[in-house]
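Structure record follows, encoded as structure tokens.
Numbers here are sequence positions counted from 1. FYI, side chains are in, hydrogens and waters are out, and symmetry mates aren't considered; it's all heavy atoms of this structure.
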Amino acid sequence: MKNGAAERPSLAGAAAGLAAGGIAAALYAWHCTDDSPLFLAVWYTTAIAAVTATGALIGSRYLTW
């Protein structure tokens, strides 16, 4: 199982966070009625960046062997 372990856990966590943030933003955008470009640029980018950073922090701690 060690061959399948992540070599860089923080990068793996960041990738998982980026995927989760992107999926969540897509689902939210599907139901949200406010679609102004400024709203999208500021809040979606901020939320996805926060989830990505959180994933990197959690990944570095919990994805280690």
Side-chain angles (χ1 to χ4, degrees):
M1 289 194 39
K2 199 161 187 144
N3 291 335
E7 292 180 7
R8 297 183 352 197
S10 60
L11 184 61
L18 183 63
I23 291 169
L27 290 174
Y28 182 76
W30 189 27
H31 296 290
C32 184
T33 58
D34 187 7
D35 59 352
S36 68
L38 186 60
F39 178 79
L40 294 176
V42 172
W43 291 108
Y44 282 45
T45 305
T46 303
I48 292 171
V51 173
T52 302
T54 303
L57 290 173
I58 291 173
S60 66
R61 174 170 278 218
Y62 291 110
L63 294 178
T64 58
W65 281 83

Mind listing the side-chain donor-acceptor pairs of residues 16-32 below 3.5 Å, one per line with the distance, residues two or more places apart or on another chain?
none

Nearest heavy-atom pair of T52 and A14: which atoms, and what distance?
-> CG2-O, 3.6 Å
Listed pairs under 3.5 Å, donor-acceptor, residues 56-63 side chains, sequence neighbours left out:
unit_1: S60; atom_1: OG; unit_2: A56; atom_2: O; d: 3.4
unit_1: S60; atom_1: OG; unit_2: L57; atom_2: O; d: 2.8

